[in-house]
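When a ligand or atom number is given, it counts from 1 through the structure's own listing order.
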Amino acid sequence: MTSEHNKIYLVQPGGKLTGQFRMPGDKSISHRSIMLGSLAEGTTEVTGFLEGEDALATLASFRAMGVEIEGPKDGKVKIHGVGMHGLKAADKDIYLGNSGTSIRLLSGLLAGQAFDSTLTGDVSLSGRPMKRVTNPLAEMGANIDSQDGKPPLKINGGSKLKAINYTLPMASAQVKSCVLLAGLYAEGTTVVKEPAPTRDHTERMLQGMGYKVDVDGDTVTIEGGGKLTATSIDVPSDISSATFFMVGAAIAPGSDITLTHVGINPTRIGVINILRLMGADITLSNEKMTGGEPVADISVKYAALTGINIPEEQVPLAIDEFPAIFVAAACADGQTVLTGAEELRVKESDRIQAMADGLQILGVDAVATDDGIIINGGTIGSGEVESHGDHRIAMSFAMAALQAGGTIHINDCANVATSFPDFVTLAKEAGLEVDEIDG
Ligand code: S3P
């Protein structure tokens, strides 16, 4: 499932982004469609599924646990649900590649099964913190072995889970979802309180499949022992993937781009809010609901940007979008300051350091801080930067080339396939001069 060959992006300076595009399916919703569709009674039909490595890792893991899944073909997947107690032990370790969402959500779901499972991942995933999920799961009575809080995770099944009242120590939708999924199998009422709003796709999809979930401000409540009913799921385009094109259009004079059918769930639109505060020209049209999630067409035209202090309440709402937002900040007039974003240090890479290092190589005045970054906008030069195998770092530096003084050479880009397999093709069609070569 991991990308076997490394890739280098060579991106030529200049250009602008124009046209109308459909971005790939939402990664978070694609994962959840497979997980909940597998546990449902009946057949769930998914359209718009993200055929990227992360969501495919989740799909493969449920197939390995005995779920019959047809596709994906052209974004269509048919999941023959096995019911809440129909999963079977996989006959080998479950490899989840680069995918934090897969391992953290599966931990909760598998803690409540009668069988044992072992979850593994690539080098990046194997270095990521898992105590944030194993701690609450242990409180629920789960029996999980880790490597000092890191994967592989050996989930010893057969534990009788009990409901807990849990206040998340950090704003994390993965941890919230993990506890809620374990809560489906727990005796009693599980209550999760979050310090700030995070993406609520799990809650919405559970409700869409007929499961009672109470949401009261910062608190989500769910009772164990219910069942899920199959449904059809239309996965919107991923605002996190759209972000690269939004930022590209926002920084490159002459740009005018429209991204259709993008998910604009209020817990995901921090990037729109932040770019607008910087002066970006962003218009939403065709707003509607699909399968419990709001979507819209997003149009972005070039406009001069100004540096800002990013409001901390926007951080969880834009958590995956910061690498690209930093590129916008590098092109803005004045200083941009981000604080309260220490979670960025434990993503697919340390995104604060990776972006600060790369921006400095490109001649931008960017200084990493413990919980954020300070960027003084100016001109972007040229040079060779490292993506550290992080898809979002790679795509962000690719867009920086639109305003660069020379070629940007980006190493280690194969993992772009985890979330956006067609990135190079779509970016070229939109006007970015990017070539992908074997590294
Ligand atoms: C995700 C939650 C976020 C996000 C990740 C996807 C999800 O992670 O960064 O890309 O699908 O629940 P955290 O929960 O660690 O913030």
Atom CD of E187 with >12 non-hydrogen neighbours under 6.0 angstrom: no
For [atom], what is the nearest protein heavy atom, given as residue, atom name and distance?
| atom | value |
| --- | --- |
| atom 8 (O) of ligand 1 | K347 NZ, 3.2 Å |
| atom 11 (O) of ligand 1 | S28 OG, 2.7 Å |
| atom 2 (C) of ligand 1 | Q174 CG, 3.5 Å |
| atom 6 (C) of ligand 1 | T101 OG1, 3.4 Å |
| atom 10 (O) of ligand 1 | D320 OD2, 2.7 Å |
| atom 14 (O) of ligand 1 | S172 OG, 2.6 Å |

Distance-only donor-acceptor check, side chains K288 and N286, under 3.5 Å: no
Side-chain donor-acceptor pair present, R199, S177, cut-off under 3.5 Å: no
Aromatic plane relationship, H85 with Y185 - under 30° parallel, 30 to 60° tilted, over 60° perpendicular: perpendicular
Aromatic plane relationship, F420 with F423 - under 30° parallel, 30 to 60° tilted, over 60° perpendicular: perpendicular
Nearest-option assignment for atom 7 (C) of ligand 1, heavy atoms, candidates K27, E348, H31, R32: R32
